[in-house]
Amino acid sequence: MTSNMKCLAACLFFMVTGCAGGIRSAQQPVIKSADIIQGLQNYQLPAVLIEYHSAATGARHGMSKRQYRDFVISLYVNAIDARYEEFRHSVDAENRATAIGFDLALLGLTGVTAVAEADEVGPFAAAIASFTGARSSLDKNLFFSQSLPAMFAAMDEERALQLIKINKGMSQDELSYPLELAVGDLSAYQRAGSFSVAISKVVKQAVVNKAEAEDLLANPIPGCESDDDMSAIVKALRDAVMDPDPATQQARINKAAKELNIPDGFTLNDFMNAALERLDNDFCSKNERNTKVLDIIGKIR
């Protein structure tokens, strides 16, 4: 076997073994999933339900029913969380490592082909074609890979909702929230970390967004009337608050400010600037502005 053919074999070997190796996307865990799962060894279903309902506290290792329930729930929540993290890391590593493996193998094969002997070009060309086809097939999963953040966000949201339900249950006594009811909620919490749940949530939200968009198109919100010239209405308000007596004028400014939800204590000019901004922002039409100013004038006079 020539050195070039050996290179071909090495590329094939790299694709098979290198892709499977994976690249870690997180630190090495200190608390290992296996250790967390091991904690469930003595608390398996349905034995925990029998111990939970036992009249003897010794069956529950000296714990009350509520303490035992909360202890078992915590063990299972931690175990479900550990499995979910394993799932997330495996999906992320698999997608990145596979793509890198194909790209590096193609790069190596293309370079070797350029210097291969004439009778070796055929096998290299066939290998490149195979790798290119496989990489093309991998690229078809690009949409799925790019949608992973949205999928995991949907899973995280559903898991959080289920965990809130469990925590609320744990805040109640054992009669209101018995262990068997908690087991059902734990199962729902476990199911929340799946692609089927995530896809269902994303599709439902898309349907809601589509309905809202269609409703907005069918019933558009009317835009505000543009009224650049507000000089007449502003003058009317200014004339209404002005008075030769400074105390009376300030009292009128404060009353008008209250009607417009503006802080009192402004000088006349500062009040008028704030009033102009509030009338422009809070009242959509000229008619509404005129009505509001006339109402204010009637109350401060």
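Owing to the predicted nature of the structure, the values given are computational and were not obtained by experimental measurement.
Here the CG-CE distance, from D156 to M151, works out to 12.0 Å after rounding to the nearest 0.5 Å. Remark: D282 CG to N261 CG distance equals 7.5 Å, nearest 0.5 Å. Atoms NZ and CD1, from K286 and I233 in turn, are 8.5 Å apart once rounded to the nearest 0.5 Å. Rounding to the nearest 0.5 angstrom, the gap separating the CD atom in E174 from the CG atom in D70 is 9.5 Å. A distance of 14.5 Å separates NZ of K168 from OG of S176, quoted to the nearest 0.5 Å. To the nearest 0.5 angstrom, T267 atom OG1 is 11.0 Å from M272 atom CE.
In the hydrophobic clustering (ILVMFWY side chains linked at under 4.5 Å, chained through shared members), I36 is joined by I31. In the hydrophobic clustering, where aliphatic and aromatic side chains (Ile, Leu, Val, Met, Phe, Trp, Tyr) are joined below 4.5 Å either directly or transitively, I80 groups with L40, Y43, L45, V48, L49, Y52, M63, Y68, F71, V72, I73, L75, Y76, V77, L163, I166, M170, Y177, L179, L181, V183, L186, Y189. Under the 4.5 angstrom side-chain criterion for Ile, Leu, Val, Met, Phe, Trp and Tyr, V208 has no cluster partners at all.
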For D264 and K258, run salt bridge (charged side-chain N to carboxylate O under 4.0 Å, His left out): C-alpha distance rounded to whole Å, both residues' side-chain angles, the deciding distance at 0.1 Å, then the answer. CA-CA 7 Å; D264 58 15; K258 182 178 180 181; over 6 Å; no

E259 and K299: side chain to side chain contact (heavy atoms under 4.5 Å, CB included), yes or no, with the steps? CA-CA 9 Å; E259 293 297 321; K299 290 180 178 179; 3.2 Å; yes

Does D81 form a salt bridge (charged side-chain N to carboxylate O under 4.0 Å, His left out) with R159? I'd like the steps, not just the answer. CA-CA 10 Å; D81 288 345; R159 277 167 46 82; 2.8 Å; yes

Show your working on side chain to side chain contact (heavy atoms under 4.5 Å, CB included) between I296 and L237 and close with a plain yes or no. CA-CA 8 Å; I296 293 172; L237 181 59; 4.0 Å; yes

Show, in sequence, the C-alpha distance, side-chain angles and deciding distance for E85 and R88, and conclude whether the side chain to side chain contact (heavy atoms under 4.5 Å, CB included) test is met. CA-CA 5 Å; E85 284 305 310; R88 290 193 63 144; 4.2 Å; yes

Hey, mind stepping through H53 and E180 against side chain to side chain contact (heavy atoms under 4.5 Å, CB included) and telling me if it holds? CA-CA 10 Å; H53 286 289; E180 51 266 36; 3.1 Å; yes

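Closest non-hydrogen pair, K65 versus S54, comes out as CE-O, 4.4 Å. Of all the heavy atoms in R69 and G169, the pair that sits closest is NH1-O, 3.8 Å. Between A274 and F266, the shortest heavy-atom contact is CB-CE1, 4.0 Å. The minimum heavy-atom distance between P244 and P246, with the atom names listed, is O-CD, 3.3 Å. Residues D245 and T248 share a closest heavy-atom pair of OD2-OG1, 2.7 Å. Here the closest heavy-atom approach between residue R289 and residue L279 is recorded as NE-O, 3.3 Å.
S200 contributes no side-chain N or O that, together with a main-chain N or O of S196, makes up a donor-acceptor pair within less than 3.5 Å. Judged purely by atom type and a 3.5 angstrom limit, K165 has no side-chain atom pairing as donor or acceptor with the backbone of A160. Listed for the S90 side chain is a donor-acceptor partner under 3.5 Å among the backbone atoms of E86. Here the side chain of E214 pairs no donor or acceptor atom with the backbone of A211 at under 3.5 angstrom.
Taking 4.5 Å as the limit, some side-chain heavy atom of K32 sits within range of a side-chain heavy atom of D35. Between V197 and M155 the shortest side-chain heavy-atom distance does not fall below 4.5 Å. The shortest distance between side-chain heavy atoms of R238 and M242 falls below 4.5 Å. When side chains are defined from C-beta on, I37 counts as touching R83, because their heavy atoms get closer than 4.5 Å.
A perpendicular orientation is assigned to the rings of F87 and F195, their planes being inclined by more than 60° (bins at 30° and 60°).
Between the side chains of R278 and N273, no donor N or O sits under 3.5 Å from an acceptor N or O.
The residues D173 and R66 are annotated as not salt-bridged, no charged nitrogen and carboxylate oxygen being separated by less than 4.0 angstrom.
For E277, the CD atom counts as loosely surrounded, since its 6.0 Å shell holds 12 or fewer non-hydrogen atoms of other residues, nucleotides or ligands.
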